[in-house]
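Scroll down for the structure; my scribbles are underneath it.
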Amino acid sequence: MRSQAGKLILWMIAILGIVWSCQNQTVFDQNIHVNPKGWNKDEIARFDIPIEDTLSFYSVNMFLRNDNNYSYQNIYFFMDIVSPEKKIQRDTIEIILADLKGRWLGTGFGAVKESDILLNSKVRFPHSGVYTFQFTQAMRDDNLAGINDIGLKVAKSK
């Protein structure tokens, strides 16, 4: 009887260890709501991410929620990453939101769709401190209707 209880405890510990090791190691996860009147070209979606571990690799995902008021198949962003040393790295990102027939590619029910975009799966931050990710819309419209939320998630890569 004792041996069965011991085996059961070992199995429970093993299962807990597996569950614990598979847990997402999210460092940062935040969404910013966009003005319902539209995302102005001068408005910056800003995310301040505290990084302590400079040896690990991180994955960086952007989330975007749009609705049927969005008029385009894609969207362009400028992404600025400001390091703790105030060095700025700029990139331009295009995200395809609808297929060629106009069907939204994101997930969700009804008019609102969410797109989960992997920006990079193996980022290493060279210095500890706060890294600021800033997104501005780079479309031709000064005020971009149909974008509801912008989010950013940073997690340690497995």
Side-chain angles (χ1 to χ4, degrees), residues 19-158:
V19 168
W20 182 260
S21 68
C22 292
Q23 280 186 336
N24 189 348
Q25 295 185 356
T26 301
V27 174
F28 181 87
D29 190 358
Q30 180 183 356
N31 289 309
I32 294 175
H33 189 67
V34 175
N35 186 336
K37 294 179 181 179
W39 187 10
N40 188 282
K41 67 178 177 66
D42 296 326
E43 291 179 26
I44 298 171
R46 178 186 168 132
F47 303 94
D48 294 323
I49 298 102
I51 298 294
E52 295 178 14
D53 183 354
T54 60
L55 300 177
S56 294
F57 286 99
Y58 296 85
S59 63
V60 179
N61 285 61
M62 178 182 188
F63 297 92
L64 188 68
R65 285 189 194 98
N66 67 289
D67 61 34
N68 290 331
N69 293 320
Y70 190 71
S71 301
Y72 303 102
Q73 177 189 14
N74 63 346
I75 185 169
Y76 283 94
F77 293 97
F78 295 124
M79 178 179 72
D80 294 327
I81 303 172
V82 183
S83 72
E85 293 75 35
K86 306 301 180 208
K87 293 181 181 176
I88 300 172
Q89 176 185 345
R90 176 167 267 207
D91 201 356
T92 303
I93 299 167
E94 178 189 17
I95 299 170
I96 305 297
L97 298 174
D99 65 17
L100 294 175
K101 294 184 179 182
R103 291 182 297 235
W104 297 119
L105 299 175
T107 60
F109 297 104
V112 178
K113 299 298 181 189
E114 180 174 301
S115 299
D116 178 357
I117 302 95
L118 177 65
L119 297 177
N120 198 324
S121 63
K122 294 285 184 185
V123 175
R124 184 177 274 166
F125 296 101
H127 304 283
S128 62
V130 175
Y131 285 80
T132 300
F133 283 68
Q134 300 177 142
F135 296 91
T136 52
Q137 62 104 336
M139 299 296 282
R140 292 181 181 161
D141 296 357
D142 288 346
N143 206 41
L144 195 58
I147 300 297
N148 301 338
D149 297 284
I150 301 162
L152 191 71
K153 180 177 179 180
V154 179
K156 287 189 179 180
S157 296
K158 294 181 172 126

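What you see is a predicted model; the values in this text were computed from it and never measured. Side chains included, hydrogens not; waters and symmetry mates left out as well; all remaining heavy atoms used. All residue numbers in this chain count up from 1 along the given sequence.
- By the 4.5 Å heavy-atom criterion applied to side chains, Y58 and N120 are not counted as neighbours.
- Taken from CZ in R46 to CD1 in I32, the straight-line distance is 10.0 Å, to the nearest 0.5 Å.
- A heavy-atom distance below 4.5 Å is not found between the side chains of F63 and D149.
- One finds the CD1 atom of I150 at 5.5 Å from the CE atom of M62 (value rounded to the nearest 0.5 Å).
- Residues V34 and N148 have side chains not in contact (no heavy-atom distance under 4.5 Å, counting atoms from C-beta outward).
- V27 has its side chain out of reach of Q25: every pair of non-hydrogen atoms, C-beta onward, lies at least 4.5 Å apart.
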Output side-chain donor-acceptor pairs under 3.5 Å for residues 49-57, partner residues at least two apart or in another chain, one line each.
residue, atom, partner, partner atom, Å
D53, OD1, L55, N, 2.9
D53, OD1, S56, N, 3.2
D53, OD2, S56, OG, 2.4
D53, OD2, K156, NZ, 3.0

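- Under the 4.5 Å side-chain criterion, counting only non-hydrogen atoms from C-beta, F77 is not in contact with D91.
- Rounding to the nearest 0.5 Å places CG of D99 at 5.5 Å from CG of L105.
- Here the CD-CD1 distance, from Q89 to I81, works out to 4.5 Å after rounding to the nearest 0.5 Å.
- Looking at S115 and L97, their side chains come closer than 4.5 Å, going by heavy atoms from C-beta outward.
- Contact annotation: the side chain of V154 never approaches that of V123 to less than 4.5 Å [non-hydrogen atoms, C-beta and beyond].
- Between the side chain of E85 and the backbone N or O of K87 there is no donor-acceptor pair closer than 3.5 Å.
- Open room surrounds CG on L100; 12 or fewer heavy atoms of other groups in view lie less than 6.0 Å from it.
- Distance check, rounded to the nearest 0.5 Å: CG of L119 to NZ of K153 gives 13.0 Å.
- Side-chain rings of F133 and Y131 stay apart, their centers remaining 6.0 Å or farther from each other.
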Got a list of side-chain donor-acceptor pairs under 3.5 Å for residues 36-44, not counting sequence neighbours?
residue, atom, partner, partner atom, Å
W39, NE1, E43, O, 3.1
N40, OD1, D42, N, 2.8

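- The main-chain N or O of A98 is found under 3.5 Å from a side-chain atom of Q73 such that the two form a donor-acceptor pair.
- Note that CG of L144 and OH of Y76 are 13.5 Å apart. Values are rounded to the nearest 0.5 Å.
- At least one donor-acceptor pair closer than 3.5 Å links the side chain of K113 to the backbone N or O of G108.
- Scored by the salt bridge (charged side-chain N to carboxylate O under 4.0 Å, His left out) test, R140 finds no partners at all (sequence neighbours excluded).
- The main-chain N or O of S157 is never found under 3.5 Å from a side-chain atom of S59 such that the two would form a donor-acceptor pair.
- Counting heavy atoms from C-beta on, the side chains of F135 and L152 come closer than 4.5 Å.
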